[in-house]
Amino acid sequence: MSKFVAMSISVAISLAVLAGCGTKKDGSHPNTKSAQVHTELAGLYFERAQAGIALSELEKALEADSDYAPAYGMRGLVHMSLREDNEAEDDFKKSLRLDNTDSETHNNYGWFLCQRGREKESIPHFMAAVKNPLYQTPALAYLNAGICSQKIGSNKDSEEFLQKALQIQPGMPQALFAMSQLSFSVGDYVTAKRYFVRFSQNIENLSAEQLWLAVRIERKLGDRNSEASYGIQLRKRFPDSRETQLMTRGE
């Protein structure tokens with residue numbers, strides 16, 4: 001699962017399967033509890049990269065309640081991870097037809113669209129997610145909106161979304177790194193370094209992408225010692241990476 005995608009999954013403590021068929025007096029399906037538990041189990045298996053078992057649990061969930069929206073949303077994530085895009089999109093859409101207020105599914109479907117080169121389509125879903133006052137992770141949807149806006153060159157929108165993410169969660173590492181990337185892309189190298197320093201303070205091991213950004217920031221600022229320090233780390237830890245090759249060629 002992408003690090004920017006969040007699916008709220010709770011551990012099932014007990015299973016109370018309701019017998020019978022038809023519809024209860026409150027309008028809910030009599031087997032919704034069973035569908036919920038199987039969906040939660042699917043989420044746990046999915047987190048463990050056991051997609052096959054997750055799909056099996058989701059099949060059981062939908063056998064119990066064919067209108068249980070979270071099961072379709074969860075199945076969309078599994079298909080997305082398997083790059084079964086048609087199936088993923090069908091499931092996300094089905095989930096939202098059943099419950100258009102589900103912020104998790106809006107966020108996840110938005111991220112799916114963004115990752116498949118449909119960034120403009122993704123933004124309304126992130127905005128739909130944050131409109132729900134009960135949504136527990138609005139910073140994540142703003143972060144995703146910021147990243148996807150940056151991909152299509154909407155830098156002003158990107159900055160606005162990322163700043164909203166940081167207002168909600170000031171130390172959010174992904175948002176700090178995204179702001180550093182954005183600042184670098186528009187030539188504001190001092191601000192890029194400021195955000196990068198905040199980002200890196202709580203990161204134990206920087207990735208090749210992150211080290212390469214640091215190298216380029218320090219190069220633009222003329223700090224040869226810091227540039228060399230980051231460059232040594234990049235070359236030592238990621239000798240075969242694309243970023244190391246770019247640095248070696250002086251790009």
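Everything quoted here is computed from the prediction, not taken from an experiment.
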dist Arg116:CZ -> Arg83:CZ (nearest 0.5 Å) comes out at 4.0 Å
Contacts of Gln167 that satisfy side-chain hydrogen bond (donor to acceptor under 3.5 Å, both in side chains) - sequence neighbours left out:
none
Joint hydrophobic cluster, Val197 plus Val215, side-chain heavy atoms closer than 4.5 Å:
no
Applying side chain to side chain contact (heavy atoms under 4.5 Å, CB included) to Glu218 and not counting sequence neighbours gives Lys193, Leu221, Asp223, Ser226, Glu227, Tyr230
Is there side-chain contact between Glu243 and Leu211, with at least one heavy-atom pair below 4.5 Å?
no
Could you state the interatomic distance from CE (Met247) to CZ (Arg219), rounded to the nearest 0.5 Å?
8.0 Å
Salt bridge (charged side-chain N to carboxylate O under 4.0 Å, His left out): pairs with one or both residues in residues 163-185, sequence neighbours excluded:
Glu160-Lys164
Asp188 meets the salt bridge (Lys or Arg N to Asp or Glu O under 4.0 Å) criterion, sequence neighbours left out, with none
For Ala69, is there any backbone N or O sitting under 3.5 Å from a side-chain donor or acceptor partner on Ser95?
yes
Which residues pass the side chain to side chain contact (heavy atoms under 4.5 Å, CB included) test with Pro173, not counting sequence neighbours?
Phe199, Ile203
Please answer whether the main-chain N or O of Val78 pairs with a side-chain N or O of Ser81 as donor and acceptor at a distance below 3.5 Å.
yes
Contacts of Gln163 meeting side-chain hydrogen bond (donor to acceptor under 3.5 Å, both in side chains) (sequence neighbours excluded), chain-then-number -> Tyr195
Is Ile152 linked to Ile123 within one hydrophobic cluster, defined over Ile, Leu, Val, Met, Phe, Trp and Tyr using a side-chain heavy-atom separation of less than 4.5 Å?
no
Qualifying residues under side-chain hydrogen bond (donor to acceptor under 3.5 Å, both in side chains), relative to Ser103, sequence neighbours excluded:
Asn132
Does Leu62 sit in a hydrophobic cluster with other residues, and if so which ones, taking ILVMFWY side chains as linked at heavy-atom separations under 4.5 Å, directly or through other members?
Tyr72, Leu98
Is a donor on one side and an acceptor on the other found under 3.5 Å between the side chain of Thr248 and the backbone of Thr244?
yes
Applying ring pair (Phe, Tyr, Trp, His ring centres under 6.0 Å), name anything that partners Tyr109, two or more places apart in sequence or on another chain.
Phe92, His125
Side chain to side chain contact (heavy atoms under 4.5 Å, CB included) against Arg97, all qualifying residues, sequence neighbours excluded:
Lys93, Lys94
Holding to side chain to side chain contact (heavy atoms under 4.5 Å, CB included), I want the full list of residues that pass it with Gln50, two or more places apart in sequence or in another chain.
Tyr45, Arg48, Ile53
Please name all residues satisfying side-chain hydrogen bond (donor to acceptor under 3.5 Å, both in side chains) with Asp90, sequence neighbours left out, ordered by chain then number.
none
